[in-house]
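Each chain gets a letter, A, B and so on, in the order its sequence line appears, and its residues count up from 1.
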Amino acid sequence: MDNEPLYGSGSFLMILSKSAILAAVDAGDINIDPFDPQALNPNSYNFRLGPQLLEWSAAQHEFVPVAFPGTGFLLHADRLYLGSTLEYIGSRRYAMLLLGRSSIGRLGLFVNISADLGHTGSLGQWTLELRVVQPLRIYPGQNVGQISFWVTSGVPHSYAGRYKFDVGPLPSKHNFSLERQ
Amino acid sequence: MILTGSAIVQARKNGALVIEPFESANIGPNSYDFRLGNRCKTYRSSILDTHKMNEVDEFIIPEDGLVLCPRKIYLVNTLETMGSTEYVPIIKGRSSIGRLGLFINITADLIDIGSINQWTLQLHCVAPVRIYPGMLIGQVTFWKVHGRVEFYNGKYSRKPSPVESLAFLDANV
């Protein structure tokens with residue numbers, strides 16, 4: 001079943017299983033770098049938190065880098081931070097949904113803000129929008145979220161958006177920005 | 001592909017998915033509405049750490065409800081035992097609940113295939129809101145899988161819900 005043709009097979013909009021993700025990585029239809037088979041879940045891949053962290057500064061009216069040592073960083077409630085996946089992740093064939101891990105959600109850490117869809121054809125370190133309910137200490141390199149892969153319907157449209165081949169956390173490219181507080 | 005309400009009913013009859021107790025009135029066009037249990041856990045410390053065990057207090061939500069405060073996480077079980085060995089469950093809030101500013105999960109909406117349990121909801125509110133045990137709070141959708149299926153056998157298996165975060169177990173690997 002892992003190798004059955006996807007177009008016209010009636011298997012549209014299905015979520016890939018662990019074995020199907022592994023087969024797609026081997027076939028080059030999914031890129032995850034670095035890739036660790038141990039990080040596969042029954043229907044997703046666990047990604048880690050990259051070493052860079054940005055915090056929204058109301059005073060400077062922009063995101064500014066913060067030190068993120070191995071001893072961790074305490075996220076405060078009511079603030080917005082941007083991190084990124086440690087891995088480069090993308091697919092030319094599948095749609096991707098980014099989600100948190102339940103271990104992290106149970107501690108009140110959002111890893112995105114309503115924008116969970118990764119476009120087919122995009123590849124890079126994904127920017128994470130970090131927000132906490134209660135103050136929470138986080139660490140670089142820790143498992144923080146998962147990505148699921150979905151069979152699409154129709155002819156693939158290569159994504160040529162503004163965030164292609166992202167490296168590290170990238171602030172919004174909207175030409176308006178957050179209001180001063 | 002997402003299962004329709006009638007496909008959910010059929011799959012439950014075939015044993016491909018579990019929803020117990022089951023009320024046919026709670027079937028929607030593409031989902032099943034589940035209810036809030038009455039067991040609640042909150043973290044003892046206001047400051048949490050992903051690498052440490054964070055102690056919790058457990059209590060029963062009274063029949064006349066509990067007012068949730070923003071800036072606090074409440075872990076509550078679903079009343080129903082749910083799961084599937086064939087389809088991937090994804091949980092959502094109900095729009096009636098979302099309109100009140102109540103999150104029922106925190107970016108972790110995917111339930112592992114083979115995880116058949118009362119699930120742990122991660123409640124967080126934007127404004128103070130009163131919740132009641134047994135209220136309809138969320139919906140579960142079921143999705144078809146591409147590829148050979150392997151079941152979940154992780155650190156939350158076979159633990160009575162709600163279960164606090166076990167993220168600290170990852171810190172030691």
Side-chain angles (χ1 to χ4, degrees), chain A residues 1-2 4 6 9-24 38 40-44 46 49 72 74-75 77-78 94 97-113 116 131-139 142-146 148-151, chain B residues 1-2 41-43 45-52 54 56 69-75 87-90 103 105-115 119-125 143-156 162-171 173:
Chain A
M1 182 157 182
D2 293 344
E4 76 179 34
L6 297 178
S9 67
S11 59
F12 297 148
L13 303 179
M14 290 164 71
I15 184 170
L16 268 59
S17 71
K18 176 179 181 173
S19 66
I21 295 171
L22 201 50
Q38 295 292 322
L40 282 164
N41 298 313
N43 291 95
S44 64
N46 286 334
L49 184 61
L74 185 64
L75 302 175
D78 299 323
Y94 301 105
L97 289 178
L98 180 141
L99 56 153
R101 299 185 78 222
S102 92
S103 293
I104 296 299
R106 288 169 211 238
L107 290 170
L109 173 60
F110 288 81
V111 298
N112 69 1
I113 305 217
D116 61 355
R131 183 172 83 79
V132 288
V133 176
Q134 295 180 215
L136 177 68
R137 184 170 288 275
I138 60 170
Y139 300 84
Q142 73 179 166
N143 284 334
V144 76
Q146 347 170 26
S148 58
F149 298 88
W150 295 78
V151 179
Chain B
M1 280 184 286
I2 185 170
K41 286 182 177 174
T42 56
Y43 293 102
S45 169
S46 63
I47 298 177
L48 307 177
D49 191 322
T50 51
H51 275 189
K52 298 206 170 109
N54 299 279
V56 290
C69 305
R71 302 179 183 224
K72 198 168 172 68
I73 304 146
Y74 300 83
L75 303 173
Y87 304 103
V88 173
I90 294 183
F103 289 84
N105 67 0
I106 300 188
T107 55
D109 58 0
L110 184 80
I111 307 292
D112 283 309
I113 198 161
S115 170
W119 296 330
T120 297
L121 302 175
Q122 301 132 19
L123 300 184
H124 155 56
C125 62
W143 297 81
K144 283 197 180 173
V145 180
H146 177 73
R148 183 169 47 81
V149 166
E150 285 178 48
F151 296 147
Y152 174 72
N153 187 25
K155 53 187 177 288
Y156 294 101
V163 190
E164 60 272 32
S165 175
L166 301 176
F168 66 92
L169 295 177
D170 289 348
V173 298

Atom pair [atom1]/[atom2] of [X] and [Y] - distance to nearest 0.5 Å:
X	Y	atom1	atom2	result
A:Ser102	B:Leu166	OG	CG	8.5 Å
A:Asp78	B:Arg71	CG	CZ	4.0 Å
B:Met1	A:Met14	CE	CE	5.5 Å

I need the minimum non-hydrogen distance between [X] and [Y], along with the two atoms involved.
X	Y	answer
A:Gln134	B:Ser46	NE2-O, 3.3 Å
B:His146	A:Ala20	O-CB, 3.2 Å
B:Gly147	A:Ser17	C-OG, 3.3 Å
A:Ser103	B:Ser165	O-OG, 2.5 Å
A:Pro42	B:Asp112	CD-OD1, 3.5 Å

[X] versus [Y]: any side-chain heavy-atom pair under 4.5 Å?
X	Y	answer
A:Leu136	B:Asp49	no
A:Lys18	B:Arg148	no
A:Ile15	B:Leu110	yes
B:Thr50	A:Gln142	yes
B:Leu48	A:Pro135	no

Residues, nucleotides or ligands: over 12 heavy atoms within 6.0 Å of B:Lys144 NZ: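 At most 12 heavy atoms, drawn from other residues, nucleotides or ligands, come within 6.0 Å of this atom.
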
Within 45° cone of B:Tyr156 ring axis and under 6.0 Å: A:Arg106 NZ or CZ: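 Yes, A:Arg106 lies over the aromatic ring of B:Tyr156.
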
Where does [X] contact chain A at under 4.5 Å (heavy atoms): side chain, backbone, both or neither?
X	answer
B:Leu75	side chain
B:Ser45	backbone
B:Glu164	backbone
B:Ile90	side chain

For chain A, find which of [options] contributes the most heavy-atom pairs closer than 4.5 angstrom.
options	value
B:Tyr152, B:Trp143, B:Phe151	B:Trp143
B:Lys52, B:His124, B:Lys155	B:His124
B:Val149, B:Thr120, B:Asn153	B:Thr120

Residue, of A:Val132, A:Val144, A:Leu107, A:Asp116, that accumulates the most heavy atom pairs under 4.5 Å with chain B: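 Heavy-atom pair counts peak at A:Leu107.
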
Set of residues satisfying side-chain contact (heavy atoms from CB on, under 4.5 Å) with respect to B:Thr107, sequence neighbours excluded: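 Per chain and number, B:Thr107 pairs via side-chain contact (heavy atoms from CB on, under 4.5 Å) with A:Phe110, A:Val111, A:Asn112.
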
A:Tyr139 side chain to B:Asp170 side chain, donor-acceptor N/O pair below 3.5 angstrom: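 Note: A:Tyr139 and B:Asp170 side chains miss the donor-acceptor criterion.
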
Segment of A:Leu109 engaging chain B (4.5 angstrom heavy-atom cut-off):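 Backbone of A:Leu109 only, per the 4.5 Å heavy-atom cut-off to chain B.
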
